[in-house]
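First comes the structure, then the notes that go with it.
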Protein chains: 2
Amino acid sequence: MSVKLEDIAKATGFSIATVSRVLAGSDYPVSPSVREKVLQVAQSMGYKPNIAARSLRSSRTNTIGIIVDDIMSPFVPPIVRGIQDCLHENGFLSLIVNSDWDPDQEQEAIRTLISRPVDGIIFVEYSHRVRSEILEQSNKPHMFVHRIFGSPIRNSVVPDDHYGATLAVRHLISLGHRRTGYINGPENWHNSRARYVGYKDELENHNIQFDPELVQPGDWEIESGYKAAQNLLRLQDRPTAIFAANDLMALGAIYAIQDSGLHVPGDIAIVGYDNRDFAKIVRPRLTTVVMPVYEMGRVATESLLAQIAEGGGETEEIKVRGELIIRDTCGADDASKAREEINPRTAFRRVLLNKQPEG
Amino acid sequence: MSVKLEDIAKATGFSIATVSRVLAGSDYPVSPSVREKVLQVAQSMGYKPNIAARSLRSSRTNTIGIIVDDIMSPFVPPIVRGIQDCLHENGFLSLIVNSDWDPDQEQEAIRTLISRPVDGIIFVEYSHRVRSEILEQSNKPHMFVHRIFGSPIRNSVVPDDHYGATLAVRHLISLGHRRTGYINGPENWHNSRARYVGYKDELENHNIQFDPELVQPGDWEIESGYKAAQNLLRLQDRPTAIFAANDLMALGAIYAIQDSGLHVPGDIAIVGYDNRDFAKIVRPRLTTVVMPVYEMGRVATESLLAQIAEGGGETEEIKVRGELIIRDTCGADDASKAREEINPRTAFRRVLLNKQPEG
DNA sequence: GTGAAAGCGCTAACAT
DNA sequence: ATGTTAGCGCTTTCAC
């Protein structure tokens, strides 16, 4: 049924080994004329290598495993897309397994993936502190994208949260705000800590006195942003701007401000973090710092593929920067808002709209 | 390094064939005592079958391919999760390939997946009208989830949009609305057509005269909802409620209504469709019909696995129903709103919040 | 009910 | 530069 090396060997008159050398992209020398003929015949016969056979023999599968906590988690799809685009360019495929934030399921996933079918593993939103023995002794190349807890480790790619916070605060300062509140995320998350430090450092850069009263705790959820903003509003000398460690809490803060009869950005300016999908459709549209999820996926994958190709080698922690997107909640004038992103990907959908029905 | 059948054969004293029969779950008769011993030893040695070898021999891989237009598309992650959960329960893994709405890339993906490593293929949001020859002659089992264009075909799972529209309109009617506007999606989409017919049918069920003036075209995007609502507001006898064919247009409609100085739901009630993530965080929170994406993924997978197990067999088109979620935009009283969903999955995040940092 | 052995399609070591 | 061949780990036919 399916055409194999042997068929092509017969059809061209060369040996099966030669054909393999050409088609497997080996760097073994083959004369150009032979190579061309084989390529051509293979093409015309529609040859597709049997991956199972190839990997049984060479123990390379051109497949990598992705372990995610949950593919439905907001950051996961774009990270995965970054990974897959990079894989695709290099002829790799990806196997995705969900761990549901459960260490046992994660270990199980590692075991499954390691048994053979993958050349490397990427952990997305890695949140476990247990280092996996199985993983380490398997010595498969692996990368961690957006590690959530723990100290910096090798082979990991994380957002540059300190830098991002700096962008947000600097923008607010440039708009004249001297009292900017901060709504933090949970203290055990990397992201929270780095954004907090970024906030403080940028104030210091501009010689603005840090006021601990202006910092409120939050837990990433919208309600916590709401409460935090209420606390900030109750202050005798209340802030004129609020930087929230994520978009959800920023939205909660906006609602709290509106409920107290004030306006955003008229009375209080808001900047969020993450650039979640809803940031550009809520009202007022949210100014926010981009979490460079797609790029993080790509970067991690490039590094992983390099490791696979070179057989080993590790990387230091890589930080990826996201830009500030200026929309309505910070009160900057329209001129600077003109640069609202146009996502080339959404253009595809437009194409669909113009298609004719099948009938 | 990795333990194989031979190792277990040696350890137990049985033949490699017997061990295989036990471990591969063959229905070949093996005496219970032998079976138990093999199972136990395999477990203790941490045996994991080499998938490549198994599939080379048996041409089954316990892996299925998923072809999506873009994993970042809003409905895709939950569909994929439904698929993966069902696969996981059955010991299958999934390979995901993005086609970027490009027929060529899709054909390429099919060819890649068919070459061997998958037992079946699931197309998510299938939007091409070209039937793939390669796919058909490969006679691999396959399913289509949420087919967008074209007439009903076998092996496909779609939302029951007619039913969902019916729920939305019935609810509005139960709230006393006799003039309900409808904002449609693009006419070449299945979803638009079915929701439109559902809207009309439900009016008819309640002996409410259908008024074509109350129907406005849209293109799924927020701006089109805005414009459509403006048109509706301009009517001399304007509607007291609007049913939008998706949440994005519903949101646009809300903004148009607010901009004209009216209130939602006070002056005009709104019901959307899809239950997108933002529906419960915008203000007012959106009443909407659930697009049963997760279930669709599961259903399709169950059917695919059945086909794989039984070797062939096709299914008629399967329709999956979603429920109505009552929130703020329809003006129903709080009592009925109490049933706001609690997603068990978000509970996982809470667990994370309480974790201690690594140090 | 159990074992021996062939061979799935491919790559790589070795031979020419 | 090209050909020959062993064998990756497993399933399955065939013998017992």
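Throughout, protein chains are lettered first and strands after them, A, B, ... in sequence-line order, and every chain is numbered starting at 1. Computed from a predicted model, the values in this text were never measured in an experiment.
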(message) Taking any atom closer than 4.0 angstrom to a non-hydrogen atom of chain A, what span of DNA chain D does the protein reach, first nucleotide to last?
(response) D:dA1 to D:dG9
(message) Could you check whether any side-chain N or O of B:Arg81 sits under 3.5 Å from a backbone N or O of B:Ile83, counting only pairs where one atom can act as donor and the other as acceptor?
(response) no
(message) Using a strict threshold of under 4.0 Å (side-chain N to carboxylate O), is an ion pair present between B:Arg154 and B:Glu316?
(response) yes
(request) Please answer whether the main-chain N or O of A:Asp100 pairs with a side-chain N or O of A:Asn98 as donor and acceptor at a distance below 3.5 Å. (result) no
(request) Could you tell me the separation between the NZ atom of B:Lys4 and the OG atom of B:Ser20, rounded to the nearest 0.5 Å? (result) 14.5 Å
(request) Quickly work out the B:Ile8 CD1 to C:dT2 P distance and round it to whole Å. (result) 16 Å
Give me the distances for all protein-to-nucleotides 10-12 of chain C N/O pairs that come in under 3.5 Å?
from: C:dC10; atom 1: OP1; to: A:Tyr47; atom 2: OH; distance (Å): 2.7
from: C:dC10; atom 1: OP1; to: A:Asn50; atom 2: N; distance (Å): 3.3
from: C:dC10; atom 1: OP2; to: A:Leu5; atom 2: N; distance (Å): 2.7
from: C:dT11; atom 1: OP1; to: A:Arg54; atom 2: NE; distance (Å): 2.6
from: C:dT11; atom 1: OP1; to: A:Arg54; atom 2: NH2; distance (Å): 3.3
from: C:dT11; atom 1: OP2; to: A:Ser20; atom 2: OG; distance (Å): 2.8
from: C:dT11; atom 1: O2; to: A:Arg57; atom 2: NH1; distance (Å): 2.4

(message) Under the rule for salt bridge (charged side-chain N to carboxylate O under 4.0 Å, His left out), what residues qualify as partners of A:Glu108, not counting sequence neighbours?
(response) A:Arg111, B:Lys48
(request) Any chance you could measure A:Asn62, atom CG, to A:Ile51, atom CD1, to the nearest 0.5 Å? (result) 7.0 Å
(request) Output all residues satisfying salt bridge (charged side-chain N to carboxylate O under 4.0 Å, His left out) with A:Arg35, sequence neighbours left out; order by chain, then residue number. (result) none
(message) Quick check for you: to the nearest 0.5 Å, what is the distance between A:Gln40 atom CD and A:Ile8 atom CD1?
(response) 11.5 Å
(message) With a 3.5 Å distance limit and no angle check, can you tell me whether B:Asp119 reaches the backbone of B:Thr61 through a side-chain donor-acceptor pair?
(response) yes
(request) Taking only heavy atoms on the protein side, list every residue of residues 30-44 of chain A lying under 4.0 Å from any atom of DNA chain D, sorted numerically. (result) A:Val30, A:Ser31, A:Val34
(request) Identify whether any heavy atom of A:Phe14 sits under 4.0 Å from a base atom; if not, whether one sits that close to sugar-phosphate; answer base, sugar-phosphate or nothing. (result) sugar-phosphate
(message) By nearest heavy atom, map B:Ala52 and A:Tyr28 onto DNA chain D; which one lands nearer the 5' end?
(response) A:Tyr28
(request) Mind grabbing the angle between the end helix axes of the helix from C:dG1-D:dC16 to C:dT16-D:dA1? Five pairs an end, 10° rounding. (result) 40°
(message) Any heavy-atom pair between the side chains of B:Met45 and B:Asp7 that's under 4.5 Å?
(response) yes
(request) Mind checking the CD-OG1 spacing from A:Gln107 to A:Thr112? Nearest 0.5 Å is all I need. (result) 11.0 Å
(request) Using modelled atom types only, decide if a donor and an acceptor are shared between the side chain of A:Asn155 and the backbone of A:Thr315 within a distance under 3.5 Å. (result) yes
(request) Side-chain contact test, heavy atoms from C-beta onward, threshold under 4.5 Å: evaluate it for B:Asp85 versus B:Thr301 and give yes or no. (result) no
